[in-house]
Q: 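Right, I'll just put the structure down here and ask away after.
Nothing fancy with the numbering, it's 1 onward along the sequence. FYI, side chains are in, hydrogens and waters are out, and symmetry mates aren't considered; it's all heavy atoms of this structure.
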Amino acid sequence: MRIALDARTIYRRQRRGTGKNLLDLYRTLATVRPQWSVTAFHREAEINDDLLPAPFAQPRHIEMLGDRLGAWERVRLPMAAWRGGADLLHCPANTSPHWLPIPALVTIHDLIPLDMPDSHPLEEVHRFEAAVRSACRRAAWIITPSAYTRERLTAEFGADKACVTVNPWPADSAMKHVPQHEWMPVLRRYEINAPYVLHFGAADPRKNTLGLIEAWAQLPSAIRDEWRLLIVGLDKKSFEDYGAFAQIRGVAHSVVMHGFAPEEDIPTLLSAADVLAFPSLSEGYGLPILDAWTARTPVLTSDCTSLPEVAGDAALLVDPYDFADIARGLSEMMTSTALRNELIALGTASARRFTWRDTAERFAQCAEAAVEVSGGMRSAA
């Protein structure tokens, strides 16, 4: 099979969740279906050509002058895939072109722009909704990481449940438990010299960084003053805004904030953390939970959207809209070594249920099904 891949998330200069997952998926797919070939279309003129294994996958830079309103995805990508002789177009980041000259396999991670429209420009929300509806009508197959999202796609967008597969993500393949004797160089860079709660922050309100700082302020000072809340991943404006809020709430001395954390620092930051605080307002999956389990770190997360499905009984669930409940959960975990150890044991066991080989095999079966329901590969037509 010849796959045309929208690989923009892989080749971003600051690769985040979707790009990391996609890179792991296709590296593993090369071992599961070595006879296949992949053309990875992207928009970065200068790239690392060694990201995906050759000759299984080949990167290809394509650009579009005067690109407006997503025309690269709507026109340039499907045209390049069709002209390149691909059997299948994989659109891995929630949306897909309306025009599909070849069968498409679409990965829809979540419906967050529709759940939190105030966090996105109205025009962007409308385009996202239209793209999801188009994918549910036109895609040969849809993959989503959670049953929560699958049920919404079938109930709200009319997707054919028989052609929507739940394929959970494992932890990032680079994630590991880092032994304690290796922590100090990284912790020194982040100015951490006390037990700490780690949070992957963002300007996006759904990550609930502001709510977490408010909950932190509601902790008894005797607990809070012995700990640090480490927030990483902030841009300049959110760094300033959240810093000012922490100052107003009188907790700036115990809240440590940093910008984007390099990928190589994340395993140590997670392994050294005593708690991962992930009280997100909306998620289509919740990959940081898997990463924390792999690093042997206990997790506090939300009791809504897909997160209870992923966490099961291996995390402490709180109401992310209730700051007092977040504070209660933090207090329980920060003051109880026994609870943290119990959650570490449960999380470590849960993490073993997810492997990249299983995920890649399910993906391959979905790709084969997408081509089959569309009438066979072009080469066989």
Side-chain angles (χ1 to χ4, degrees), residues 175-201 207-234 239 242-243 245-247 249-259 261-262 264-280 288-302 311 314-318 320 323-348 351:
M175 189 53 56
K176 61 183 179 178
H177 172 69
V178 178
Q180 186 172 355
H181 67 270
E182 298 179 17
W183 295 351
M184 191 52 64
V186 174
L187 296 185
R188 190 177 293 121
R189 290 201 300 274
Y190 289 83
E191 305 171 274
I192 292 295
N193 56 7
Y196 69 96
V197 174
L198 177 64
H199 173 64
F200 296 111
K207 293 300 184 182
N208 209 15
T209 301
L210 200 65
L212 179 60
I213 297 173
E214 173 59 35
W216 186 261
Q218 294 185 18
L219 289 171
S221 59
I223 298 174
R224 186 181 60 235
D225 291 346
E226 297 296 321
W227 287 65
R228 296 293 179 265
L229 172 60
L230 174 60
I231 302 173
V232 300
L234 302 178
F239 186 101
Y242 295 145
F245 182 71
Q247 194 76 39
R249 295 297 286 118
V251 295
H253 66 287
S254 62
V255 177
V256 181
M257 294 187 296
H258 281 267
E264 59 269 21
D265 287 354
I266 300 300
T268 299
L269 290 176
L270 268 173
S271 297
D274 294 86
V275 178
L276 172 70
F278 188 51
S280 182
I289 296 173
L290 276 293
D291 288 344
W293 287 343
T294 303
R296 301 181 195 169
T297 299
V299 177
L300 176 146
T301 193
S302 303
L316 182 64
L317 302 183
V318 298
F323 306 141
D325 197 42
I326 299 174
R328 173 199 59 79
L330 287 172
S331 178
E332 288 181 11
M333 295 185 73
M334 293 162 69
T335 58
S336 175
T337 302
L339 174 59
R340 296 199 301 272
N341 287 340
E342 179 185 358
L343 291 175
I344 289 170
L346 290 170
T348 302

Q: May I ask you to check whether over 12 heavy atoms, not counting those of E182, lie within 6.0 Å of atom CD?
A: yes
Q: Indicate the atoms forming the closest heavy-atom contact of G329 with V318, along with that distance.
A: CA-CG1, 4.1 Å
Q: I'd like to know if the side chain of W216 and the backbone of R224 have a donor-acceptor N/O pair within less than 3.5 Å.
A: no
Q: Apply side chain to side chain contact (heavy atoms under 4.5 Å, CB included) to the pair L343 and M333, showing each step before the final yes or no.
A: CA-CA 10 Å; L343 291 175; M333 295 185 73; 3.6 Å; yes
Q: So do the side chains of L317 and T301 get within less than 4.5 Å of each other, counting heavy atoms only?
A: yes
Q: As a test of understanding, state which of L300, D274, L219 forms a side chain to side chain contact (heavy atoms under 4.5 Å, CB included) with M334.
A: L219
Q: Can you measure from OG1 (T294) to CG (L270) and round to the nearest 0.5 angstrom?
A: 9.0 Å
Q: On a heavy-atom basis, which atom in S280 and which in S302 lie closest, and how many Å separate them?
A: O-OG, 2.6 Å
Q: Could you pull out the closest heavy-atom pair between Y242 and M257, with the gap in Å?
A: CB-SD, 3.7 Å
Q: Taking atom CD of E264 as the centre, report whether more than 12 heavy atoms of other residues, nucleotides or ligands fall under 6.0 Å from it.
A: yes
Q: Would you mind reporting whether L229 and V251 have side-chain heavy atoms less than 4.5 Å apart?
A: no
Q: If you take all heavy atoms of A261 and I266, which pair is closest and at what distance?
A: CB-CD1, 3.7 Å
Q: Counting only heavy atoms not in E226 (residues, nucleotides, ligands), do more than 12 fall under 6.0 Å from its CD?
A: no
Q: Could you work out, with side chain to side chain donor-acceptor pair (under 3.5 Å) as the rule, every residue matching R296, not counting sequence neighbours?
A: none
Q: Main chain of A277, side chain of H199: is a donor-acceptor contact present, judged purely on distance under 3.5 Å?
A: yes
Q: With rounding to the nearest 0.5 angstrom, report the CD to CG distance, Q218 to D325.
A: 10.5 Å
Q: What are the two closest non-hydrogen atoms of I326 and N208, and how far apart are they?
A: CD1-ND2, 3.8 Å
Q: Once rounded to the nearest 0.5 Å, what's the spacing between atom CG of D291 and atom CG of L276?
A: 9.0 Å
Q: Nearest 0.5 angstrom please: W293 CH2 to L346 CG, how far?
A: 9.0 Å
Q: Looking only at heavy atoms, what is the nearest atom pair of T297 and A273, with distance?
A: CG2-O, 3.6 Å
Q: Rounded to the nearest 0.5 Å, how far apart are CG of L316 and CG of L339?
A: 6.0 Å
Q: Check side chain to side chain contact (heavy atoms under 4.5 Å, CB included) between P220 and all other residues, then give those that pass, not counting sequence neighbours.
A: I223
Q: Within the side chain of S254, is there an N or O that forms a donor-acceptor pair under 3.5 Å with the backbone of D225?
A: no
Q: Can you list everything that forms a side chain to side chain donor-acceptor pair (under 3.5 Å) with S271? Sequence neighbours excluded, please.
A: none
Q: Among all residues two or more places apart in sequence or in another chain, which pass the side chain to side chain contact (heavy atoms under 4.5 Å, CB included) test with P185?
A: none
Q: Has R340 got a side-chain atom pairing as donor or acceptor with P298's backbone, closer than 3.5 angstrom?
A: no
Q: Please set out all donor-acceptor pairs under 3.5 angstrom arising from side-chain atoms of residues 186-193, sequence neighbours excluded.
A:
unit_1 : atom_1 : unit_2 : atom_2 : d
R189   : NH2    : D265   : OD1    : 2.8
R189   : NH2    : D265   : OD2    : 3.3
Y190   : OH     : D265   : OD2    : 2.7

Q: Got a second to check how far L269's CG is from F200's CZ, nearest 0.5 Å?
A: 7.0 Å
Q: Does the T348 side chain pair with the main chain of I344, one donor and one acceptor, at a distance under 3.5 Å?
A: yes
Q: Tell me every residue that passes side chain to side chain donor-acceptor pair (under 3.5 Å) with H177, counting only those two or more places apart in sequence or in another chain.
A: none
